[in-house]
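Note that the numbering runs from 1 along the sequence shown for the chain.
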Amino acid sequence: QVQLFESGGGLVQAGASMRLSCTTSGRTFSSYGMGWFRQAPGKEREFVAGISWSGARTDYADSVKGRFTISRVNVNDTVWLQMNSLKPEDTAVYLCAKQGRPYRFEGRDSYETWGQGTQVSVSS
């Protein structure tokens, strides 16, 4: 079973940048599509960004398109989320997630394994 660990969260002011990292302990996730989700207090979890197992394809929520960039390095089993021009509405717990089937890049509802999350807070 793959375990996912997020890091890089914190408190920043609006307009700042932040980079989140997702790594694994144990089994590799290099053959799987990976993604980032977020959940704000009182709200449902929402998709933020996804990347195919090869890194060739990406997918972004409209709310972050042009501001956030997802990337990965498979040899290190690391996925990043670079967040620029942060807004107060980006405040949430950000969770790393892995899709269920290898060598595919499937829809936003295909993620099956989740990390514990890292808090991102953006002040106005």
Side-chain angles (χ1 to χ4, degrees):
Q1 181 74 11
V2 172
Q3 288 185 297
L4 304 175
F5 301 94
E6 303 91 342
S7 61
L11 172 63
V12 296
Q13 290 190 326
S17 296
M18 182 183 291
R19 189 175 78 163
L20 305 182
S21 300
C22 174
T23 58
T24 182
S25 174
R27 298 182 64 180
T28 179
F29 55 59
S30 62
S31 303
Y32 294 83
M34 297 293 295
W36 287 93
F37 288 70
R38 66 187 181 187
Q39 187 163 19
K43 294 188 177 181
E44 292 188 356
R45 184 172 60 198
E46 64 172 349
F47 172 81
V48 175
I51 188 167
S52 63
W53 66 274
S54 67
R57 296 169 60 191
T58 56
D59 181 24
Y60 294 95
D62 288 344
S63 59
V64 307
K65 202 171 291 183
R67 299 189 297 124
F68 291 11
T69 302
I70 188 170
S71 59
R72 67 189 299 165
V73 174
N74 284 341
V75 67
N76 294 328
D77 269 317
T78 304
V79 176
W80 290 281
L81 183 67
Q82 176 67 42
M83 305 184 294
N84 298 329
S85 303
L86 282 162
K87 304 175 181 180
E89 51 263 44
D90 294 320
T91 295
V93 174
Y94 282 71
L95 305 104
C96 179
K98 182 184 79 67
Q99 292 192 344
R101 296 196 291 179
Y103 302 112
R104 296 172 186 266
F105 188 42
E106 298 180 303
R108 298 175 180 184
D109 58 353
S110 63
Y111 294 86
E112 298 185 356
T113 303
W114 304 85
Q116 292 296 310
T118 184
Q119 177 70 47
V120 172
S121 300
V122 185
S123 63
S124 59

Asks: Say you draw a straight line from CG of Leu81 to CE of Met18; how long is it, rounded to the nearest 0.5 Å?
Replies: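 Between atom CG of Leu81 and atom CE of Met18 there are 10.5 Å.
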Asks: Is it the case that the side chain of Arg67 and the backbone of Ser63 share a donor-acceptor pair, with hydrogens and angles ignored and the cut-off at 3.5 Å?
Replies: yes
Asks: Report yes if some heavy atom in the side chain of Phe105 is under 4.5 Å from a heavy atom in the side chain of Ser54; otherwise report no.
Replies: no
Asks: Give the ring-plane orientation class for Trp114 versus Phe37, where under 30° counts as parallel, over 60° as perpendicular and anything between as tilted.
Replies: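 It falls in the perpendicular class, over 60°.
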Asks: Could you check whether the rings of Phe47 and Tyr111 sit parallel, tilted or perpendicular, using 30° and 60° as the cut-offs?
Replies: tilted
Asks: Measure the spacing between CG of Asn74 and CE of Met34 and express it to the nearest 0.5 Å.
Replies: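 With rounding to 0.5 Å, CG (Asn74) is 9.5 Å from CE (Met34).
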Asks: Considering only heavy atoms from C-beta outward, does the side chain of Pro102 approach that of Trp53 to under 4.5 Å?
Replies: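 Of all side-chain heavy-atom pairs linking Trp53 with Pro102, none is under 4.5 Å.
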Asks: Can you check whether Gln99's main-chain N or O pairs, donor with acceptor, with Glu106's side chain at less than 3.5 Å?
Replies: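 No, Glu106 side chain to Gln99 backbone: no donor-acceptor pair under 3.5 Å.
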Asks: Sequence neighbours left out, what passes salt bridge (charged side-chain N to carboxylate O under 4.0 Å, His left out) with Lys65? Give chain and number order.
Replies: Asp62
Asks: Please name the residue in the list Asn84, Val12, Leu86 that meets the side-chain contact (heavy atoms from CB on, under 4.5 Å) test with Ser17.
Replies: Asn84
Asks: Spell out, yes or no, whether Val75 and Trp80 are grouped together once hydrophobic residues are joined by side-chain heavy atoms under 4.5 Å, including indirect joins.
Replies: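 Shared cluster, yes.
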Asks: Would you call Tyr60 and Ile70 a side-chain contact if the rule is heavy atoms closer than 4.5 Å?
Replies: yes
Asks: Testing the basics here: between Ala14 and Ser124, what is the closest heavy-atom pair and its distance to 0.1 Å?
Replies: CB-CA, 4.4 Å
Asks: Would you compute the distance between atom CG of Asp77 and atom CZ of Arg72 and round it to the nearest 0.5 angstrom?
Replies: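 Going from CG on Asp77 over to CZ on Arg72, the span is 8.0 Å.
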Asks: Taking the side chain from Thr24 and the backbone from Gln3, do they hold a donor-acceptor pair closer than 3.5 Å?
Replies: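 Here the side-chain-to-backbone pair exists.
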Asks: If you draw the axis of the six-membered ring of Phe29, does the NZ or CZ of Lys98 fall within 45° of it and under 6.0 Å from the ring centre?
Replies: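 Lys98 over Phe29 ring: no.
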Asks: To the closest 0.5 Å, what do you measure between OG1 (Thr28) and CG (Asn76)?
Replies: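 Answer for the OG1-CG pair, Thr28 versus Asn76, is 10.0 Å.
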Asks: Can Leu20 be reached from Leu95 by stepping across I, L, V, M, F, W or Y side chains whose heavy atoms are under 4.5 Å apart?
Replies: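 Looking at the clustering, Leu20 is in a separate group from Leu95.
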Asks: Applying salt bridge (charged side-chain N to carboxylate O under 4.0 Å, His left out), name anything that partners Arg38, two or more places apart in sequence or on another chain.
Replies: Glu46, Asp90
Asks: Backbone N or O of Thr118 within a donor-acceptor pair of the Glu6 side chain at under 3.5 Å?
Replies: no
Asks: Cluster question for you: counting only ILVMFWY and a side-chain heavy-atom cut-off of under 4.5 Å, with indirect links fine, are Ile51 and Val2 together?
Replies: yes
Asks: Starting from Val79, can I reach Val64 by hopping between I/L/V/M/F/W/Y residues whose side chains sit under 4.5 Å apart?
Replies: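 In one cluster: yes.
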Asks: Kindly say whether Val122 contributes a backbone atom to a donor-acceptor pair with the side chain of Thr91 at under 3.5 angstrom?
Replies: yes
Asks: First locate atom OG of Ser21, then atom CD of Gln82, and finally report the distance between them rounded to the nearest 0.5 Å.
Replies: 9.5 Å
Asks: Would you give the length of the straight line joining atom CD of Gln119 to atom OH of Tyr94, rounded to the nearest 0.5 angstrom?
Replies: 9.5 Å
